[in-house]
There are 2 protein chains.
Amino acid sequence: MTEAATDTKQMIMSAARLMVQARGFNGLSFRELAKEVGVKSASIHYHFPTKGDLGAALARRYTEDAVLYFDGLLAVSDDPAAHIRGYTEVFRSALVNNNRMCLCGIMAAEHDDLPVEVRAEVDKFTKVNVKWLVKVLSRQQPAAQAQAQAQAQAQAQAQAIERHALAIFAAVEGAQLVARGRGDIAVFDQTIEAYRTAGLLP
Amino acid sequence: MTEAATDTKQMIMSAARLMVQARGFNGLSFRELAKEVGVKSASIHYHFPTKGDLGAALARRYTEDAVLYFDGLLAVSDDPAAHIRGYTEVFRSALVNNNRMCLCGIMAAEHDDLPVEVRAEVDKFTKVNVKWLVKVLSRQQPAAQAQAQAQAQAQAQAQAIERHALAIFAAVEGAQLVARGRGDIAVFDQTIEAYRTAGLLP
DNA sequence: ACCTGAACACCGTTCAAGT
DNA sequence: ACCTGAACACCGTTCAAGT
């Protein structure tokens, strides 16, 4: 039976994710984590040899879950405004969950102090977000119209969309960071609304 | 002579600020800091009894310097667009300085893991930024026009400006966070430009 | 007034030892 | 296969002792 073992590993990951979302990667303690799970800290190392291994595993799963959710949004609606509402909802729900942050958002702040394998996974999360936002923004532009454009113009358009996508991701992460500091979910909502009013969000 | 003593204290603060901007408050080590300054770690405690005292002192001075710089911008020009260019330049220059972050931006991510006295100073930085941005945005609106408005309308306008200011602060912090992750100053510039294009920045 | 060595309880990590 | 106690070099902090 590998069931109990798998359960322990899952329990470690669940507890660790919450701890990192609250206090950052540097704020995560193996001894404290072990106490929460009900094992000794040396046992954590059996499942995750180093703290970097654990951090990378957390970020990888977090990104996988995000991809599933994001793709689900695209399948359920054709409205870019609805897509973006679903998008910002992920970041909102982290705050609702005891004022926590996006796992990769908080780790991004620790970027230069992160083990390389964790940093690589955090960077992948950014890439996945931007890629999905590009898809959403591209749908706004009728495909036929884009194809009718001259090639140079189409490339300039693609670059503008890429930058717009990155700007949305950055702005939403920033909104979460500031709202978390205020400890007020209304600040997040108002900031997102201000982005919409300005025209940054569709 | 308190000169040598003052020098040591200043050297500690300078070195510590750079370390925190690069690796966060949790990533700051008294022993490493002491080595950099050329004293023993116990000596750091003479000038700053706890790590929280040092962190709070760093954030306080950082905010004071920011206020001086921001007010200088207002004195030198009447153009809100120029004010905002000067504003984003502070965050840009941190990135130029070895891919560092705004001291309070990186500490904001560690918010819930910060000693209370540090957290208080970090929150003050946000307040100072928003207050200044409100001033800049309010200047766009001719004062006479604002006074001519009905009181209820003027209040709604003030609230909209407050939220706009918070949105700008959040977006700029987010731009820095994401650009820092990419290790590319061009990402910061393009994101700020995308904010401007969208109409978030004047 | 300023600095230090030594001790304390913490941390991630390793490893021989247990089941 | 999974867990553990004990040891290691780190960490912030304290304090008696030095100048």
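Every chain is numbered from 1, with letters handed out A, B, ... down the list of sequences.
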Nucleotide [N], atom [atom2] - distance to [atom1] of [X] in whole Å:
{"X": "B:D113", "N": "C:dC11", "atom1": "CG", "atom2": "P", "result": "12 Å"}
{"X": "B:K40", "N": "D:dT13", "atom1": "NZ", "atom2": "P", "result": "19 Å"}
{"X": "A:L33", "N": "C:dC11", "atom1": "CG", "atom2": "C1'", "result": "13 Å"}
{"X": "A:K51", "N": "C:dG12", "atom1": "NZ", "atom2": "P", "result": "5 Å"}
{"X": "A:D7", "N": "D:dC3", "atom1": "CG", "atom2": "P", "result": "11 Å"}
{"X": "B:N26", "N": "D:dC10", "atom1": "CG", "atom2": "C1'", "result": "15 Å"}
{"X": "A:E32", "N": "D:dC11", "atom1": "CD", "atom2": "P", "result": "20 Å"}
{"X": "A:Y46", "N": "C:dC15", "atom1": "OH", "atom2": "P", "result": "16 Å"}

So, does [X] get its side chain near the phosphate of [N], meaning an N or O under 4.0 Å from OP1 or OP2?
{"X": "B:H45", "N": "C:dC3", "value": "no"}
{"X": "A:H47", "N": "D:dC3", "value": "yes"}
{"X": "B:S41", "N": "D:dG12", "value": "no"}

Side chain of [X] - closest among [options]:
{"X": "A:A42", "options": "D:dT4, D:dT13, C:dC3", "result": "D:dT4"}
{"X": "A:R31", "options": "C:dT4, D:dC11, C:dG12", "result": "C:dG12"}
{"X": "B:T8", "options": "C:dC15, C:dC11, C:dC3", "result": "C:dC3"}
{"X": "A:S43", "options": "D:dT13, C:dT13, D:dC3", "result": "D:dC3"}

Does the cation-pi check pass for B:K9 over B:F48, that is, NZ or CZ under 6.0 Å from the six-membered ring centre and within 45° of its axis? yes

Charged tip of A:K51 within 45° of A:F25 ring normal and under 6.0 Å: yes

Could you give the distance from CG (B:L73) to CD1 (B:I84), rounded to the nearest 0.5 Å? 9.5 Å

Should B:R196 and B:E193 count as an ion pair when the cut-off is N to O under 4.0 Å? yes

Salt bridge check, A:R180 against B:D112: does any charged N sit closer than 4.0 Å to a carboxylate O? yes

Pairing nucleotide - C:dA1, Watson-Crick or G-U, each distance under 3.5 Å: D:dT19

Could you check which nucleotide pairs with C:dT14 in any of the strands shown, counting Watson-Crick or G-U wobble with both distances under 3.5 Å? D:dA6

Any base atoms under 4.0 Å from [X], or only sugar-phosphate, or nothing? Heavy atoms, all strands.
{"X": "B:L54", "answer": "nothing"}
{"X": "B:F30", "answer": "sugar-phosphate"}
{"X": "A:I44", "answer": "nothing"}

